[in-house]
Structure formats: structure tokens, C-alpha cells
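Worksheet for the structure shown next.
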Amino acid sequence: MTAREINFDGLIGPSHNYAGLSLGNLASARNAGAVSHPRAAALQGIEKMRSNLRLGLTQGLFLPQWRPDGAWLAALGTDIGDAELHIRAAAMSASSMWAANAATVSPAADTADGRTHLTVANLVTMPHRSHEWPQTLAQLRIAFSDRNAFAVHDPIPAPFGDEGAANHMRLCDDHGAAGVEIFVYGQSGGPFPARQHVEASKAVARLHQLDPDRTLFVMQSEEAIAAGAFHNDVVAVANERVLFTHEQAFADKERFYADLRAKLPSVEIIEVPASAISLSDAIRSYIFNAQLVTLPDGVMALVLPTEARDMPNIWGWLERMVAGNGPIRKLAPVDVRQSMANGGGPACLRLRVVADPAHIDPRFLVDEAKLDGIAAIVRDYWPEDIAPDDLADTRLIARIEQSWLTLVDHLQLSSDLIP
């Protein structure tokens, strides 16, 4: 096989709930306290993976994390029974499903040593996500264990916040060619925190042995963060030579565009004007939190949430775009409403890795048959509903733990991942 782009989706875990823990994530705050539906959420995510397979894409999977996170609670001097409500909710968080925050990935074509580099994100800004990285790192080290092909790095040390691929873009003539890597950071977000620190981005670029002449550090606009774009992938997405972005995504877009065109003359920038789609509508519909992908026939498709189709002004603009002569020619809506209600669209759910699938542990790659087996476990074991008050229920906790153990055993990963 040869290198190709693989989308690794995070399977939504059995503790999926709406605790409203993510400051600056408007959907998360809006749905705080609502009843979640973990089984439906996971099945929606599986169907999204099936949709990608049917488009001819190569698909991977990351597993949910063990919840509640007893090791994290012990480090805080408590346990799930005695923890304060907000700490208990953080220990039960299923946010690792958003694999775009798992790591930053630089393909072998961009790195000095010719290996694909992955740095696990520390996610230190949000307490409920700050304890994800050890279990994420464990999965990365198994999936990408071939040291001739991959280098997997520990997280950037605190206090420098690193949110992974959600604040990283790569543009190139094709996935196997050397590209321009773009690290998007924040400095201020008005009432909300800027989660990606420039020092973390610079550290990742150094660890990945990137060419400084083909690396850009770009500041996200304060107005975008303040409007609810807590990650850059809420207002911009890139694929091969195409950047699809909102007009208000970046603090100094003209300089960024000029620098990008100088480094990649073939780049095509599709900028959506605020006069056509407001920043608030872009964030509500998550049209940029989409998977912009190249299909086997060379056509570019936008895999986006059905919420975009439900908004006539958004869908009308998108239909006019794909009907034109631009590079994006296909729209592929997917139903991920349970994830969207917690603030994560199609792009949040996946980490893109350009690599040869033959070098990846096959337990982390999926086809229709493997997804059938996973879906059967979800239907049999995942809780149907979780209300906020349920998080202390010992019966629910036991069910969540059994669900995870059953899945890990089914995928023959028990000896590697059981804590």
C-alpha cells in the first residue's frame, strides 16, 4: 500500500452526558442538564464512519476511555462516590470522542526524518479534558507502534495549552506531497479562554522536525473565539490545496493569505463572507466543522452535519458553491446530533492521519463487518439515557464499565488497555 489520508473517528462512549463543562462551547452550555442518549450517539457516530467507507475513504477508530477515571480522582484525593458534583462530572466525561483533539499529526512528507509524527494534546485548559491524554497516548502508541514509520510524542508540558489537530491545518498539492503546516493559536477570546497557546504550537513544530520555511503560525481572531469558535476547526477547514474559511476566522487574514500563497502558489482559498453567512450562523450550523475530503475519483466532498441542511440560508449558499466551478463539488450530510448537542460536529469526531495503512495496528482500522460487531455491542450494552443526576448511580457506573470492557475484549485490546 501507499500513504493515504485515514480518518480516525472517536467512538462515542457509554458515559456520554450533557454536564455543560466546556466554557466557550455554546452548544455545550445551551444543553447543560439535558438528558443524553449514549446509545443513539454511538450509533450515529458508527453510521458516520459507514458513510465515509461508502464514499471510498479509509476509516480508523479510537476507543472510548475508561470511565469514571479513578486514577484522576485518586490524584485529587477522592473517588466517584465522594467527589463534588463538578469533579464527578469531569471524571465521567466522554469528550475523548472528539478525536480532533487527540493529537497533532505531521505526515512523513513534511518531517526531517521521514516519519509521521504525532504529539498527544494536553488539553490543559479544561479540567474535564485535562486527564484524557494518558489514555489517548496509550492508544496512539499501540496504533502507531511501527517506529520506522511513526514517532509518537508525549504532551507539551503545562501551562502551554495544546488542543491538537483542531487548531492545525495542512495544505498541499496532494496528501503524499510535502505540505505547508498551519498552527492556529489564540491570545484573547473576550469572555472565553483562548485554548491553543502559540508556545505549544511552536513546540509541536520543533518536535515534528518541520521545515520553518513551510510552517505558519496564525492567530485566530478574538471575535471568532468570543462568538463560540473555541477551536479553529469551527471556522476553517483545509484539504490538499483548498482552504475553506469564514471571513472572520483569522486576526490578520490578509497577511496569512499572502504568506500561504507565497509558500503554496496552487492554494485555492474559498472565503465565506459574513454578509452571506454570519459568524453566529456559521458556528450554529458547523459548516466549517466538516470533513473536507478528496474522494477516490479526485472530487472533493464536504461531510457536514445535517444542521447545515436545516438552515435554508446556509444550505442555499452551499448548493450554489458546489454548483459552480470551484474545487468542492459534493455535499454529504451526516446525522451526528448527539455530538452536535455537546458542541462537536463531524470534524471534531475525527483525526486525520496520512500514512500507509499497512504500518498501522489493524485493530484500529475498520470495515463494514467490524462496524457491525461494534454496533451490536453498543445496542446491547450502552445506556439508552443519562440524566445529570444519574452520574452518581452505582448501577449506571457498573454498566458503563461493563460496556467498555466488552468492547475492548471484542477488539482484542484487553491486555493493552485495561487500566
Side-chain angles (χ1 to χ4, degrees), residues 9-22 25-50 61-70 72-73 79-99 126-129 131-132 135 286 305-307 310 334-346 348-349 371-410:
D9 278 40
L11 178 64
I12 299 172
S15 68
H16 166 64
N17 69 91
Y18 297 138
L21 299 173
S22 192
N25 182 329
L26 301 185
S28 173
R30 186 167 56 246
N31 291 292
V35 174
S36 67
H37 305 286
R39 187 183 307 162
L43 292 174
Q44 286 172 3
I46 291 168
E47 190 56 36
K48 171 183 175 289
M49 288 185 257
R50 290 190 197 278
L61 172 79
F62 290 136
L63 278 64
Q65 298 193 356
W66 174 262
R67 292 292 179 262
D69 189 341
W72 183 67
L73 290 169
D79 57 35
I80 195 65
D82 293 331
E84 298 169 89
L85 291 178
H86 66 288
I87 296 296
R88 178 185 297 142
M92 292 286 279
S93 169
S95 293
S96 66
M97 68 196 211
W98 293 312
M126 295 291 157
H128 71 290
R129 305 211 64 180
H131 58 98
E132 288 177 12
Q135 292 189 52
Y286 266 30
T306 52
E307 281 81 353
D310 296 339
V334 292
D335 179 4
V336 288
R337 292 184 183 275
Q338 281 290 306
S339 176
M340 286 285 287
N342 230 351
C348 285
L349 286 163
L371 290 177
D372 287 344
I374 295 169
I377 291 171
V378 168
R379 283 190 288 268
D380 288 345
Y381 287 90
W382 260 232
E384 184 174 359
D385 306 301
I386 295 180
D389 291 345
D390 295 337
L391 295 180
D393 188 327
T394 55
R395 292 168 299 179
L396 173 67
I397 292 169
R399 181 168 186 173
I400 288 169
E401 292 177 342
Q402 186 57 52
S403 300
W404 187 88
L405 289 168
T406 303
L407 174 69
V408 171
D409 185 61
H410 173 76

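Quick caveat, the model's predicted, so the values are computed rather than measured. For reference, positions follow the sequence shown, starting with 1. In what follows, every heavy atom counts, from backbone to side chain, and hydrogens, waters and symmetry copies are set aside.
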*asked:* So which atom in H131 and which in A90 form the shortest heavy-atom distance, rounded to 0.1 Å?
replied: NE2-O, 2.9 Å

_Restricting to non-hydrogen atoms, name the atom on A41 and the atom on Q338 that form the minimum distance, rounded to 0.1 Å._
CB-CB, 3.4 Å

*Would you say the side chain of P68 lies within less than 4.5 Å of the side chain of E401, judging by non-hydrogen atoms?*
yes

*Write down the atom of S15, the atom of A94, and the distance for their closest heavy-atom approach.*
OG-CB, 3.7 Å

_Under a plain distance cut-off of 3.5 Å, with no hydrogens placed, do R337 and T306 share a side-chain donor-acceptor pair?_
yes

*Answer yes or no: is there a side-chain heavy-atom contact under 4.5 Å between W98 and R129?*
yes

*Going by the side chain to side chain contact (heavy atoms under 4.5 Å, CB included) test, name the single residue among D9, L61, L371 that passes it with I46.*
L371

*Given side chains that start at C-beta, do those of D69 and Q135 come closer than 4.5 Å, heavy atoms only?*
yes

*asked:* With heavy-atom distances below 4.5 Å as the criterion, would you say the side chains of E47 and D335 are in contact?
replied: no

*Which pair of heavy atoms, one from L349 and one from K48, lies closest together, and at what distance?*
CD1-CD, 4.1 Å

*With no hydrogens and no angle check, is any side-chain donor or acceptor of S93 less than 3.5 Å from a backbone partner on S95?*
yes

*Separation between NE2 of H410 and CG of L63, rounded to the nearest 0.5 Å*: 10.5 Å

Show me, pair by pair, the donor-acceptor contacts under 3.5 angstrom made by side chains of residues 380-392, not counting sequence neighbours?
| residue | atom | partner | partner atom | Å |
| --- | --- | --- | --- | --- |
| W382 | NE1 | I12 | O | 2.9 |
| D385 | OD1 | H37 | ND1 | 2.5 |
| D390 | OD2 | A387 | N | 2.8 |

*What distance separates D82 CG from I87 CD1, expressed to the nearest 0.5 Å?*
13.0 Å

*How close do A83 and R88 get, heavy atom to heavy atom, and via which atoms?*
O-NH2, 3.3 Å

_Measuring from atom OH of Y286 to atom SG of C348, what distance do you get when rounded to the nearest 0.5 angstrom?_
5.5 Å

*Looking only at non-hydrogen atoms, find the nearest pair between M97 and S339 and report the distance.*
CE-OG, 3.8 Å

*May I ask you to decide if I400's main-chain N or O and R67's side chain share a donor-acceptor pair within less than 3.5 Å?*
no

*For the pair W404 and W66, name the ring-plane relationship: parallel under 30°, tilted 30 to 60°, perpendicular over 60°.*
perpendicular

*asked:* In the structure I gave you, are the side-chain heavy atoms of P64 and L407 within less than 4.5 Å of one another anywhere?
replied: yes

*In Å, rounded to the nearest 0.5 Å, how long is the span from CE of M49 to CG of L11?*
5.5 Å

*Output the distance between atom CD (Q65) and atom CE (M92), rounded to the nearest 0.5 Å.*
13.5 Å

